Amino acid sequence: MMDPAMTPLGQMLLEEITPVVMLLSTPSVEEASLKNGLSFLQTLTPFCSFNNIDVPVRTASDQPYRLHKFKLRLFYASDVRKPDMKVAKEQLKQVITEAGEKEFSESCSDVSEINHEFSSSSEYQNTPSWFRFLNKELVRVASFSDHEAFDHPVICLVAVSSKDEQPISRFVDLFNTNKLPSLLNDGAMDPKVSKRYLLVHDNQDGPADRASKILTDMRSTFGASDCSLLCINSSLDTPIKTQDNPWASYITDASPTPSQDLGCFLNIDDINEIKDLMQDLASKYIIPNMEQKIRLLNQQVSATRKGFKNQIKNLWWRKGKEDGADSLNGPTYDFNSIESQIRVLGDYAFMLRDYELALSNYRLISTDYKIDKAWKRYAGVQEMMGLTYFMLDQSRKEAEYCMENAFNTYLKLGSLGQLNATRCGLWWIEMLKARDQYKEAATVYFRICGEDILHSAVMLEQASYCYLLSKPSMLRKYGFHLVLSGEQYKKCDQIKHAIRTYRSALSVFRGTTWSYINDHVHFHIGQWYASLGMYDVAVKHMTEILACSHQSKTTQELFLGDFLQIVEKTGRMFEVTKLQLPVINISSLKVIFEDYRTFGTPSAANTREGLWRSLEEEMLPSFSAAKTNWLELQSKLIPKKHSQSNVCVVGEAVTVNIEFKNPLQISIPISGVTLVCKYSASTDDVRSDENESSVEKDNEVDHFGNMSSDSSSFMVSDVDFLLGGGETTMIQLSVTPRAEGSLEILGVRWKLSGTIVGFHNFKLGHPKKIIKGRRKKNHLPNEKFKFMVIKSIPKLQGSIHPLPGKTYAGDLRQLVLELRNPSEFPVKNLKMKISHPRFLIIGKQENMKSEFPACLRKRTVAVPSDVYANSNIMSDTVFLFPEGTSVQGETPFLWPLWFRAAVPGDTSLYMSIYYEMGDASSVIKYRTLRLHYNVQVLPSLDVSFQISPSRLKLQEFLVRLDVVNKTSSESFQVYQLSSVGLHWEISLLQAPDTIFPSQSLKAGQAISCFFTLKNSSRFLTLEDNISTLPVRSDVRLVPQSSEDLVYDINSAPLFNFHHYERLQQEVSYEGDLNTVDFVLISRPFKSNDDPGFPNPPHVMSHHACHFSTASTGPISWLVDGPQTLHHDFSASFCEISLKMHIYNSSGATAFVRIDTLDSAGNGGHMNSVNVVQSATTDNQAGWHDITPVNELKVTSNVLETQPGKAPSLESVSSYIWSGSISTNLHIDAMSSAEIPLQICVFSPGTYDLSNYVLNWKLPSNGKGDSDETRQHSGKCQGYKYYLTVLQST
């Protein structure tokens, strides 16, 4: 720690615990002094502090020391008394109020952030300056106590004027005991005070001759050394204004005389005379008298109290006093008592800075007061002991113990010790601060708060600064205690102090997540400013709490209601930048404008640009250049510095989508929401402020307020809406330029509740981002808000109707693309591209004249289809409109489209139409019209197929169709099934009435039906072109009617959609020529009354592709022979001839080997039970020609076996293959072969002739082998063929 005398506490002790000079003066003396605007005491006070004095001092010890600084305290005799408590409180209140006025006027600027690093010397730079003055006043309130001696007058200065009558008598009368202070007359202080006689002469009354004569009489009466003459007011004519007025800093009360006129009649000689007078008084009278008294008292104390004998005597004399009852006042000691004398000795030694002597006497008397239960005197001694320890810089622990002991003892005395407790606490606090114990100092401030609210407010505020100055800084406690202090100030109507403390607390809470305390502080500051009539500042603070989403609904209503009341009191339309209600989501802000890109639907503008670029890549000329600069080859028309600018067109709106959110639980009305724009007729002006800062904060409102909508240059939209509690809404604002030039969007403005205008500056909301490690081009961060406006050019308007928003899967309908060009200039060279040709394809112009769905039905007279001749519709990704197509004027341009809901789900359809300008002078040579539609496709019919080969004929199959209605309420009519493939023909096995008795498939219903499928040509070669040999077969699934016709699967939309379905659906492997496709046509059974389907479907198509008929590989075969025959086994065994027809459906020559196997055990012989069981469990989807059980009449003695058990191994084989055991042959591609087979049967019965194996192999490099995963060989077990042989009669 630094030198204790240099600390704030040391300075305070050297100023407050100093010798007291009692002043007695006549009215004439005061009258002469008042000519200078000062009392006589005020005239002398500035010269009572001696900073360069050099006086030797020797007290009780023989070792002298020197005083270099000294101070006297002057008091009128009438003021040497205990202060009046009421007057003292009013005076303190006045001090606090004046400090509040001064501090409030100086703190009008915004609160600065806290500097968290403080040095120990910076304490008084970071705490309010009036704290020191107030603390001194609190210390002085406890002065002139009867238990302390450092307020006892050490000398009395008696001043009489030379104008007074009989001045010698006046000197005697002034020190009359009846006029002395009560403390001297009551015995608390020694009435025998040394006197110093001063004759004051006013030079304005004449020469000093009379004064000199009176001085001679004084010296003869009172002694030459005790008398002095002081001449004042030597400036006779004009007042002298000294530059450094010595009285200015000492006069604190509001004197009617200006400070520069104080001492105006005192010249340099007068001032020097006063200085010499006071210095002589201190060095020649006061200090020597105090030395002498200290030595005298020390001798008396040593004789009576020091030594072992005296200590025993003192204890014996005081024995039994500790058993007496406690009293608050304790025993009374007059000035002659040894206890009072010891206290005087200690206080005198302390004032002369002999701290060792002072401490020894304080210790001596402390025990006596404690035994006598003189608690106030005991506390006072303990207090001085603590201060003495501090000034000696000795035991810190002892010093703090003494201060705490004194403080607690004062508190026990209640109101009698309250003032002294406050003084003791303040000194104790300063002692802790000097040792950087700020946290401990704060706790002492709490203990001296007391019951007075204003007093506690000041102490809480001082405690908060202790937390700020502690290391590390305790910011939360600092802010919290500032708020507590502000609440106490408010209770005392100290509004300005309350505002000041709350504003200081804001520096802690700003930027934190402590939202509730932040709202509390801002709300009350706003209310208090409004009570002072400072509505602008009040509104500023209230706007900080408007977006209080964390508060309850009641609190939100309170905040908003008070805010609107304050705004209403301003009497004008209040304008606020960054109004927090509603909350603007800047991250959601999107600027939509049309340059070469135009949007036919609102959703098209919200689609990713990358998606449109990939769609338009093949349509745009020089797309690679367009990626970086879509205005290619336009450098002559557009200045180079605008080559990267946003470009908009006269008459075409620039739209800004911005999200407004209401954070409150209550509804708020928002009106007049518009964009704030700036227009310039010159395109150079839009970038003239590149290097200027964004809108200055101080002038934001003025800047925005001046930017009104200029009807001649641009037009802005105006939106009103009501935001419900917690609601978020996307608002679309637009500005439409009306003339060429430059346009900049600055921000958005709105009115809240019709009383306050809010602004939001887009520039301030979009700070420039700096990406480390990468240098970007020098673009402005807010470039997207600046536009170059060019002259009007043609713009196509397009729509597709009637495109359903919701439909069922398979829905097929005809749509119309309608294009309009309101401009007087035509557009030409139109191109179009669609993102999902599976859902949407482009029709032909002649389709516009045909009716739907009649155009899909087959004509009675066959007309050659031109679908294949125009297959480029599917192969070309970009559709070129016919050459010479031009769109202009009011007449719309129509073009047919076909739509089919391919799969269930939400699908986005994108379409881009490219066109070029007919006006050669246009800056933009081409534009694109972008259309985007969302279609919700609901599940309708789930269709599945299963194909099994026939066992009766080659290239004939059984098809099983399963249909499930997946809807919840809709019924459908399954109308038609068509096969699409290579020469496939399909036919029904059952009548339609049997399959669909009600002619409809209701919601949730499933049904299965069977068809026969056969190839119309036995021999098909690879040289035949698939696309030129379409053989389709159509089967109607409804009863025949003259009104209903068959739908033509070969018609353009169905054929094209089927093409895209084939591309989409998975293929087992390429090169399989034995696939078949199916198309199922269905219709809604009745009109749909669902309001969600305003335009119900008429026709629905379901496509199933790539079903292979080669279930056992490319080789299929059929065993041909009798099913039942009769033979006389008594004559001989039966020999039966069979044929095997083999067909190679692959595109290469196949090697085939048939191996026959003799039966083992039963030789395939089965009884009737086995036959039926096998027939019912084997592949039910295939064909099995089974003889009914009741027709099997076996008369031979055949060994019957139990079902499922093998017969005895000893039994002889019932039949054998009598032909070739193994047959090898080669079969050409797409051709068949026939081989003979023969068996011998030895007994009647039913036989399963499946004991053979067919092996096949294809060459690895055969023709048509294009799939690496294709199977090149296989082994097939013979399928079951049942032969019944009966005994002939």
Side-chain angles (χ1 to χ4, degrees), residues 1-13 99 103 111-136 138-139 383 386-387 389-391 393-408 421-450 455-486 488 497 500-509 512:
M1 190 181 73
M2 68 174 72
D3 181 8
M6 301 303 294
T7 62
L9 175 58
Q11 296 291 325
M12 184 184 298
L13 294 178
E103 294 284 333
V111 182
S112 58
E113 294 295 331
I114 301 175
N115 181 14
H116 293 175
E117 297 180 1
F118 296 98
S119 62
S120 58
S121 62
S122 65
E123 173 190 346
Y124 289 99
Q125 299 173 5
N126 295 284
T127 55
S129 59
W130 62 275
F131 282 172
R132 284 173 286 169
F133 180 73
L134 177 67
N135 291 341
K136 286 183 180 180
L138 288 171
V139 168
E383 181 180 7
L387 296 178
Y389 276 123
F390 174 80
M391 296 303 290
D393 197 13
Q394 290 183 0
S395 172
R396 293 187 179 186
K397 186 176 180 181
E398 287 292 336
E400 292 182 16
Y401 170 78
C402 291
M403 297 305 291
E404 184 170 9
N405 196 10
F407 183 78
N408 292 333
T422 300
R423 183 191 67 183
C424 177
L426 291 175
W427 280 344
W428 185 11
I429 287 167
E430 293 299 330
M431 184 185 299
L432 294 171
K433 285 182 179 179
R435 295 166 178 166
D436 292 335
Q437 295 177 277
Y438 289 99
K439 184 178 178 182
E440 292 77 4
T443 60
V444 181
Y445 273 123
F446 301 148
R447 299 173 66 179
I448 62 176
C449 282
H455 180 77
S456 65
V458 176
M459 294 306 155
L460 282 171
E461 184 179 3
Q462 294 195 63
S464 68
Y465 283 97
C466 288
Y467 287 122
L468 177 65
L469 293 164
S470 62
K471 296 179 182 179
S473 298
M474 306 172 73
L475 295 181
R476 292 176 63 179
K477 287 188 179 242
Y478 165 68
F480 177 69
H481 288 88
L482 281 176
V483 173
L484 291 179
S485 173
Q488 299 293 86
H497 272 301
R500 181 181 54 78
T501 54
Y502 267 51
R503 282 170 59 91
S504 298
L506 276 181
S507 61
V508 178
F509 305 133
T512 65

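These numbers were taken from a predicted model, which means no experiment stands behind them. For the numbers below, each heavy atom of this structure counts, side chains included, while hydrogens, waters and symmetry mates do not. Numbers here are sequence positions counted from 1.
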* **Nearest-0.5 Å distance that lies between atom SG in C466 and atom NZ in K433** => 4.5 Å
* **Straight-line distance of R396 CZ to E398 CD, nearest 0.5 Å** => 14.0 Å
* Asked: Is Y389 close to M431 at the side-chain level, that is, under 4.5 Å between some pair of heavy atoms?
  -> no
* Asked: If we only count heavy atoms from C-beta on, is the T501 to V483 side-chain gap below 4.5 Å?
  -> no
* Asked: Got a donor-acceptor contact below 3.5 angstrom from the H497 side chain to the Q488 backbone?
  -> no
* **Side chain S485, main chain A457, donor-acceptor under 3.5 Å** => yes
* To do: For residues L460 and C449, report the shortest heavy-atom separation together with the two atoms involved.
  => CG-SG, 4.3 Å
* Are the charged groups of E440 and R435 less than 4.0 angstrom apart, N to O? -> no
* Structure fact -> The reported gap from OH in Y467 to NE2 in H481 (rounded to nearest 0.5 angstrom) is 4.5 Å
* To do: Step through the shown structure and confirm whether more than 12 heavy atoms of other residues, nucleotides or ligands are within 6.0 Å of CZ on F480.
  => no
* Given side chains that start at C-beta, do those of E400 and E404 come closer than 4.5 Å, heavy atoms only? -> no
* To do: Find out whether F390 and T7 are in side-chain contact, i.e. whether some heavy atom of one side chain is under 4.5 Å from a heavy atom of the other.
  => yes
* Asked: CD/E461 to OH/Y445 distance, rounded to the nearest 0.5 angstrom?
  -> 10.5 Å
* To do: Keeping the roles fixed (side chain from S504, backbone from R500), state whether a donor-acceptor pair exists under 3.5 Å.
  => yes
* Structure fact -> Smallest heavy-atom separation, E430 atom then P8 atom, equals OE1-CB, 3.8 Å
* Asked: Looking at V508 and T512, what are the two nearest heavy atoms and their distance?
  -> O-CG2, 3.4 Å
* Structure fact -> Interatomic distance, SG@C424 vs CG@L387, rounded to 0.5 Å, equals 7.5 Å
* **Distance-minimising heavy-atom pair for F446 and A463** => CE2-CB, 3.5 Å
* Distance from L426 atom CG to M459 atom CE, nearest 0.5 Å? -> 5.0 Å
* Asked: Do L432 and Y438 come close enough that some side-chain heavy atom pair is under 4.5 Å?
  -> no
* To do: Please report the C-alpha distance between M403 and I429 in whole Å, then the side-chain angles of each, then the deciding distance to 0.1 Å, and finally whether the side chain to side chain contact (heavy atoms under 4.5 Å, CB included) criterion is met.
  => CA-CA 10 Å; M403 297 305 291; I429 287 167; over 6 Å; no
* Asked: Looking only at heavy atoms, which two atoms of G425 and I448 are closest? And how far apart?
  -> CA-CG2, 4.0 Å
* Close side-chain approach of N135 to Q462, heavy-atom, < 4.5 Å -> yes
* To do: Would you name the heavy atoms of D393 and P4 that are closest together and state the gap between them?
  => CB-CG, 3.7 Å
* Mind telling me whether Y465 and Y478 have parallel, tilted or perpendicular rings, with 30° and 60° as the class edges? => perpendicular
* Taking the side chain from Q11 and the backbone from A5, do they hold a donor-acceptor pair closer than 3.5 Å? -> yes
